[in-house]
Chemist: 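Questions regarding the structure given below will be posed in turn.
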Amino acid sequence: MLQINYLRENREKAIDGLAKRGLDAQQTIDDILTLDEQRRQAQTDLDSTLAQSNKISKEIGELFKQGRKEEALKLKEKTVSLKVRSKDLQQEMEQKMHALENLLLSLPNVPNPLVKAGKSEADNEEVKQVGAIPSLDDKARPHWEIAEDLNLIKFDLGVKITGAGFPVYQGKGARLQRALINFFLDENQKAGFQEFIPPHFVNEASAYGTGQLPDKEGQMYHIEKDGLYAIPTAEVPITNIFRDEILEGDQLPIKCTAYTPCFRREAGSYGKDVRGLNRLHQFDKVEVVALTKPEDSYEMLDGMVVHVEKILQKLDLPYRILRLCGGDTGFTSAITYDFEVWSAAQKRWLEVSSVSNFETFQTNRMKIRFRNQERKTELLHSLNGSALALPRIVAALLENHQTEDGVAIPQALQAYTGFDKIEK
RNA sequence: GGAGAGAUGGCAGAGUGGUCGAAUGCGGUGGUCUUGAAAACCAUUGACCUUCACGGGUCCGGGGGUUCGAAUCCCUCUCUCUCCGCCA
């Protein structure tokens, strides 16, 4: 949620910025500013009404104490009109506040100046591409064939037990999964991210905090009886650790990492490009989350980008980095870098990580603050990224590193898998 | 699942209708003293809204109610603890 202060002072900037998302926000922002004005007026009126009635109440108390009952009862009558008035003002203020908040919630984050205007993924900028794209012959097989053939992943078995999009990993396939999780966590830890194991279900307040609710309700699995949601990413529980907290300057920056399974309903995204591991309802991901002072967040963002790059390099996977255009940048993000690895058999890029700076968009709603130099509370910046999402990494590993009779395991991973190749 | 107790400031813990944003202790910060530190002493120390400012307002788990007035009374929800049952 954008800060009302920011909009008061940066009306033009916000309108111009949001235009890069293809959004004409002028009317909404002007409505917000009007409501803000009205809300503050109602607040001031309410405050002075309450001040009057507080004063009278004290006087009544005083009179009763002195035994001057008559005068007290007379004074009581005066409060009647004040009471009515304060109730009205209270209602008016709340109504303005809700209207204002609803409009505020409807606005996405204002993109960073680096972000280019654009409608869709076609307009994303390629920042760099690293690693040679392997030229496999036409015999190159897609990962779902390799996985089934080598008994690594059973898609049908998942359908039997649960449903489509819930694969079963087995044998070396399961071991590879565990190896990758440990490898990622170790790399993140070496880079200074503290490891967490959070709950895999969150309550409503947490889902609102990171912005899954109210909009993306249909994307989460919901356990109605207990009011809980299965997490779509570790970002949700991890960021919520700090909800309503005021941190001291010397605790910053905060860097966390966590492995969790992620659950997504992916409603409406059936059909193309969802075969095999490309899109699942349950998948594994290792996430990194950071909280920084406002002036440090872009340095942190750059550091996180470099960090993810290093991991991909260790896995010998060709990758490219995209800076998403306005239209493709997520609702809550000010700037997002997507990482994609080359899928040798599908002959296309697969997104494996998304690193974003949310600035104060998340922390505003969650009230994640720190005490600045003047000892005043100030909102922190929040960032997160995948380091990394497993399924498409596995897909790329199987496809890119396939051999005549199996799959070769990258050097860096061998200490974790305990084997250097997978054969039939 | 059954029975009971409770939720107050960073923590501990008073407060059962009026001047209580809230005693006291600990902790934090600043200072005095000291070569330095400790101890001691002094001062200070919640968040939010509003105002150019003075000031005003809100917040004692959440929501609602009674009252001129609620941390204090009533209703309701959530959570925590103790005992019993069940259980990885």
Side-chain angles (χ1 to χ4, degrees), chain A residues 1-9 32-104 197-209 213-214 222-229 237 240-252 254 360 362-380:
Chain A
M1 183 164 66
L2 290 171
Q3 294 183 75
I4 186 70
N5 282 337
Y6 168 84
L7 289 179
R8 275 180 210 153
E9 288 155 27
I32 285 172
L33 293 175
T34 305
L35 281 166
D36 179 47
E37 197 90 12
Q38 293 172 343
R39 196 224 100 217
R40 279 146 77 197
Q41 186 57 52
Q43 171 93 56
T44 317
D45 293 348
L46 173 64
D47 284 358
S48 67
T49 308
L50 287 174
Q52 281 180 59
S53 85
N54 283 347
K55 202 171 148 231
I56 292 177
S57 288
K58 281 186 185 171
E59 284 170 19
I60 291 174
E62 198 58 41
L63 289 172
F64 269 123
K65 233 182 215 170
Q66 296 173 10
R68 295 151 72 183
K69 228 175 174 178
E70 296 286 319
E71 293 168 67
L73 289 172
K74 213 171 155 194
L75 211 48
K76 262 196 196 182
E77 290 165 22
K78 277 178 75 176
T79 63
V80 177
S81 64
L82 284 176
K83 247 188 138 174
V84 173
R85 181 159 163 72
S86 64
K87 208 157 215 169
D88 287 350
L89 285 168
Q90 175 90 37
Q91 255 174 19
E92 184 186 338
M93 200 194 72
E94 272 167 17
Q95 186 253 319
K96 301 286 182 203
M97 218 162 74
H98 285 138
L100 186 142
E101 195 173 73
N102 281 338
L103 287 182
L104 222 42
I197 301 179
H200 297 170
F201 297 94
V202 294
N203 57 29
E204 212 168 79
S206 296
Y208 269 102
L213 291 179
H222 184 201
I223 302 176
E224 209 157 334
K225 200 171 177 191
D226 300 290
L228 298 176
Y229 295 86
N240 272 285
I241 289 173
F242 304 98
R243 172 154 48 91
D244 293 321
E245 296 289 335
I246 299 173
L247 303 165
E248 291 299 330
D250 59 13
Q251 294 176 269
L252 299 165
I254 299 239
T360 59
Q362 286 185 327
T363 57
N364 184 31
R365 204 189 312 194
M366 281 200 265
K367 300 282 169 281
I368 304 180
R369 295 161 291 172
F370 75 109
R371 237 175 267 285
N372 64 20
Q373 293 263 297
E374 294 101 62
R375 305 295 297 158
K376 291 239 189 156
T377 59
E378 190 179 336
L379 292 175
L380 287 163

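Below, read A as the first sequence line, B as the second, and so on, with proteins coming before strands; counting in each chain starts at 1.
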Chemist: Roughly how far apart, to the nearest Å, are C33(B) and U24(B) at atom C1'?
Modeler: 27 Å
Chemist: Between C48(B) and Arg369(A), is there an OP1 or OP2 to side-chain N/O distance shorter than 4.0 Å?
Modeler: yes
Chemist: Answer yes or no: does a side-chain N or O of Asn54(A) lie under 4.0 Å from OP1 or OP2 of G57(B)?
Modeler: yes
Chemist: Between the side chains of Asn203(A) and Ser206(A), does any donor sit under 3.5 Å from an acceptor?
Modeler: yes
Chemist: When you check the phosphate oxygens OP1 and OP2 of U29(B), does a side-chain N or O of Arg375(A) lie under 4.0 Å from one of them?
Modeler: no
Chemist: The side chain of Lys83(A) lies closest to which of these nucleotides: C68(B), A47(B), U50(B)?
Modeler: C68(B)
Chemist: Under the side-chain contact (heavy atoms from CB on, under 4.5 Å) rule, what do Thr360(A) and Leu2(A) come out as? Steps first, then yes or no, please.
Modeler: CA-CA 7 Å; Thr360(A) 59; Leu2(A) 290 171; over 6 Å; no
Chemist: Rounded off to whole Å, could you give me the CG-to-C1' distance for the Asp244(A) and G62(B) pair?
Modeler: 13 Å
Chemist: Looking at Arg40(A), does any N or O in its side chain come under 4.0 Å of the phosphate oxygens OP1/OP2 on G57(B)?
Modeler: no
Chemist: Run the numbers on Asp244(A) and Met366(A) for side-chain contact (heavy atoms from CB on, under 4.5 Å), then give the verdict.
Modeler: CA-CA 6 Å; Asp244(A) 293 321; Met366(A) 281 200 265; over 6 Å; no
Chemist: Is there a donor on the side chain of Asp47(A) or the base of G57(B) sitting less than 3.5 Å from an acceptor on the other?
Modeler: no
Chemist: Would you mind telling me which residue lines up with the more 5' stretch of RNA chain B, Ala51(A) or Lys76(A), judged by nearest nucleotide?
Modeler: Ala51(A)
Chemist: Counting any heavy atom closer than 4.0 Å, what does Leu50(A) reach on the DNA or RNA strands: base, sugar-phosphate only, or nothing?
Modeler: sugar-phosphate
Chemist: How do Glu94(A) and Gln52(A) order along RNA chain B: which one's closest nucleotide is nearer the 5' end?
Modeler: Gln52(A)
Chemist: Quick one: which of U50(B), A47(B), G69(B) gets closest to the side chain of Thr44(A)?
Modeler: U50(B)
Chemist: Counting only side-chain N and O atoms of Arg39(A), is one of them less than 4.0 Å from OP1 or OP2 of C49(B)?
Modeler: no
Chemist: Just to be sure I understand the rule, does Thr377(A) reach a base, reach only the sugar-phosphate, or reach nothing, if contact means heavy atoms closer than 4.0 Å?
Modeler: sugar-phosphate
Chemist: When Lys55(A) is tested against each of Lys58(A), Glu59(A), Gln52(A) for side-chain contact (heavy atoms from CB on, under 4.5 Å), which residue passes?
Modeler: Glu59(A)
Chemist: Write down the distance between CD (Gln43(A)) and P (U50(B)), rounded to a whole number of angstrom.
Modeler: 7 Å
Chemist: Measure the shortest side-chain to side-chain distance between Ile368(A) and Leu379(A) over non-hydrogen atoms and say whether it is less than 4.5 angstrom.
Modeler: no
Chemist: Starting from P on U50(B), measure out to CD on Glu37(A) and report it in whole angstrom.
Modeler: 11 Å
Chemist: Of all the choices, C48(B), U50(B), G69(B), which nucleotide is nearest to the side chain of Ser57(A) once you look at every atom?
Modeler: G69(B)
